[in-house]
Amino acid sequence: MKKRLLALVLCLAMMFSLAACGSKEESTDASSEETAAEETTTDQSDLDYVTEKGTLVVGITDFEPMDYKDESGEWIGFDADLAKAFAEDLGVEVEFVEINWDNKVLELDGKTIDCVWNGMTLTDEVTSAMECSNAYCNNMQVAVVKAADADKYQTIESLADLSFAVESGSAGMAAVEGLGYAFTEVTAQADALMEVSAGTSDAAVIDSLMAGAMVGEGTSYEDLTYTVALNEEEGEEYGVGFRKGSELAQKLNDFLAANNDLIKDLAEKYGIQAAVIEQ
């Protein structure tokens, strides 16, 4: 009887041991499959990611003449039209998403957008955080004031006592901050112009390309004008930013180099031909 009982116990122990081994092997196999899937996802190129989902999501702000809406609500502008042409060249649709400019790198890395294409200045901060295209436009940061007061503010020094409105995280903000002048951060450059027009700020610092399109006679801000450039000596250049390491930056460089005629046509259409850098 004792022998039979011992044999039964040993048999049961072997069964449990085999079951446990099988479970461990299944778990190991499942874990290996998950790891392989993760590696496949990680190894997927940015170009493959964009082409497989069929859309190039472009992060922008309302910034005439680069990205703005027409009367029908469609995004147009030099950058918007160029982005549409590039997406078509890739064989995908284009989608424009308004972003908080201060969060552009987070939006890009989080894959809520695929690129930042919005008159973006190629600063050291930008080029270290993004894979950037070649420069395609020149730009400067200019002071915008009430037209009636323009004669008072023709030098950088004459601006010292003014309160500025600047787009948060922008080159304009960096220029004012570098001079040590007082400023208030707003969400977009268009908001900075509204601040000056409403009298809640004395001046704004925005991109010269935007100032040329949005202030002065025949614009929405006829009571405003721009005077002095804050960084005329250094100047600045626009580029497009993709995720770090993305091969889409080189794809765009190739596209720009092959489409100088298109760039010139769009520059003339939006009045920025003097700023365009030939590829």
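Being a predicted model, the structure only gives us computed values, none of them experimental.
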- In this structure, are over 12 heavy atoms from other groups packed under 6.0 Å from E52 atom CD? yes
- Item | Distance-only donor-acceptor check, side chains E247 and S45, under 3.5 Å | yes
- Separation between CD1 (I272) and CG (N139), nearest 0.5 Å, reads 9.5 Å
- Query: Transitively linked via ILVMFWY side-chain contacts under 4.5 Å: M66 with W117?
  - Reply: yes
- Do D81 and I76 have side chains that get closer than 4.5 Å, going by heavy atoms? yes
- Within-4.5 Å side-chain heavy-atom neighbours: V166 and T184: no
- Test item: E222 side-chain N/O and G218 main-chain N/O as donor-acceptor pair under 3.5 Å: yes
- Between the main-chain N or O of L209 and the side-chain N or O of D207, is there a donor-acceptor pair closer than 3.5 Å? no
- Item | Sub-4.5 Å side-chain heavy-atom contact between L248 and C115 | no
- Message: Quick check for you: to the nearest 0.5 Å, what is the distance between I156 atom CD1 and S158 atom OG?
- Response: 9.0 Å
- Under 3.5 Å side-chain donor-acceptor pair for E236 and N138: no
- Task: Using a strict 4.0 Å threshold on nitrogen-to-oxygen distance, state whether R243 and D114 make a salt bridge.
- Result: yes
- Tell me whether F242 is reachable from Y136 by hopping between hydrophobic residues (I, L, V, M, F, W, Y) whose side-chain heavy atoms are closer than 4.5 Å. yes
- Message: With rounding to the nearest 0.5 angstrom, report the CD1 to CG distance, I60 to D79.
- Response: 9.5 Å
- Residue pair T121 / A171: nearest heavy atoms and the distance that separates them: OG1-CB, 3.8 Å
- How would you list, by chain and number, every residue that makes a side-chain hydrogen bond (donor to acceptor under 3.5 Å, both in side chains) with S163, sequence neighbours excluded? D202
- Task: Look at the side chain of T200 and the backbone N and O of E195, then say whether any donor-acceptor pair between them is shorter than 3.5 Å.
- Result: yes
- Same cluster (ILVMFWY, side-chain, under 4.5 Å), L266 and V276: yes
- When you check the side-chain N and O atoms of E107 and T112, is any donor under 3.5 Å from an acceptor? yes
- Indicate yes or no: at least one non-hydrogen side-chain atom of I263 is less than 4.5 angstrom from one of Q279. yes
- Over 12 non-hydrogen atoms of neighbours within 6.0 angstrom of CD in E93: no
- From L108 atom CG to K244 atom NZ, the distance as rounded to the nearest 0.5 Å: 11.0 Å
- Message: Could you check whether any side-chain heavy atom of T55 comes within less than 4.5 Å of a side-chain heavy atom of V50, counting everything from C-beta outward?
- Response: no
- Task: Measure from the side-chain N and O atoms of T127 to the backbone N and O of L122, and report whether any donor-acceptor pair falls under 3.5 Å.
- Result: no
- Query: Passes side chain to side chain contact (heavy atoms under 4.5 Å, CB included), V186 versus S168? Steps please.
  - Reply: CA-CA 6 Å; V186 295; S168 181; over 6 Å; no
- Query: CG/D265 to CG/L82 distance, rounded to the nearest 0.5 angstrom?
  - Reply: 11.5 Å
- Note on the structure: Between the CG atom in L252 and the CG atom in N134, the distance rounded to the nearest 0.5 Å is 8.5 Å
- Under 3.5 Å, side chain of T51 to main-chain N/O of L47, donor-acceptor pair present? yes
- Message: Is it the case that atom CG in D70 sees more than 12 heavy atoms from other parts of the structure closer than 6.0 Å?
- Response: yes
- Query: V58 and V94: side chain to side chain contact (heavy atoms under 4.5 Å, CB included), yes or no, with the steps?
  - Reply: CA-CA 7 Å; V58 181; V94 69; 3.7 Å; yes
- Is K251 salt-bridged to D254, cutoff N-O under 4.0 Å? no
- Message: Main chain of Y221, side chain of T219: is a donor-acceptor contact present, judged purely on distance under 3.5 Å?
- Response: yes
- With no hydrogens and no angle check, is any side-chain donor or acceptor of T227 less than 3.5 Å from a backbone partner on Y153? yes
- Item | Non-hydrogen side-chain atoms of T187 and W101 separated by less than 4.5 Å | no
- Taking all atoms of both residues into account, what is the closest heavy-atom pair of T225 and A150, and its distance? CG2-CB, 3.6 Å
- Item | Of F63, Y238, Y270, the residue whose pairing with F78 passes side chain to side chain contact (heavy atoms under 4.5 Å, CB included) | Y270
- Query: Okay, side chain of S170, backbone of E167: is any donor-acceptor separation there less than 3.5 Å?
  - Reply: yes
- Message: Whether E64 and K69 form a salt bridge (side-chain N of Lys/Arg under 4.0 Å from carboxylate O of Asp/Glu) is what I want to check.
- Response: no
- Message: Check for me, please, whether L162 and L230 land in the same ILVMFWY cluster - side-chain distances under 4.5 Å, paths through other members count.
- Response: yes
- E237 (side chain) donor-acceptor with C137 (main chain) under 3.5 angstrom: no
- Message: Between the side chains of K146 and D149, is the shortest nitrogen-to-carboxylate-oxygen separation below 4.0 Å, so that they form an ion pair?
- Response: no
- Between W75 and F96, what is the ring plane arrangement, given parallel below 30°, perpendicular above 60°, and tilted in between? tilted
- Message: Do N118 and K104 have side chains that approach each other closer than 4.5 Å (heavy atoms only, starting at C-beta)?
- Response: no
- Query: Just wondering, more than 12 heavy atoms not from E125 lying within 6.0 Å of its CD?
  - Reply: no
- Message: So N260 and E278, do their side chains get closer than 4.5 Å, heavy atoms only?
- Response: yes
- Residue among L159, V144, V196, L179 satisfying side chain to side chain contact (heavy atoms under 4.5 Å, CB included) with F164: L159
- Message: What verdict does the side chain to side chain contact (heavy atoms under 4.5 Å, CB included) test give for C132 and V240, after you've listed the backbone C-alpha separation in whole Å, the side-chain angles of each residue and the deciding distance to 0.1 Å?
- Response: CA-CA 6 Å; C132 295; V240 180; over 6 Å; no
- Query: Hey, is the main chain of V228 close enough, under 3.5 Å, to the side chain of Q154 for a donor-acceptor pair?
  - Reply: no
- Message: Under 3.5 Å, is there a donor on one side chain and an acceptor on the other for E131 and S246?
- Response: no
- Item | Minimum-distance pair of heavy atoms, taken over all atoms of S201 and A165 | OG-CB, 3.6 Å
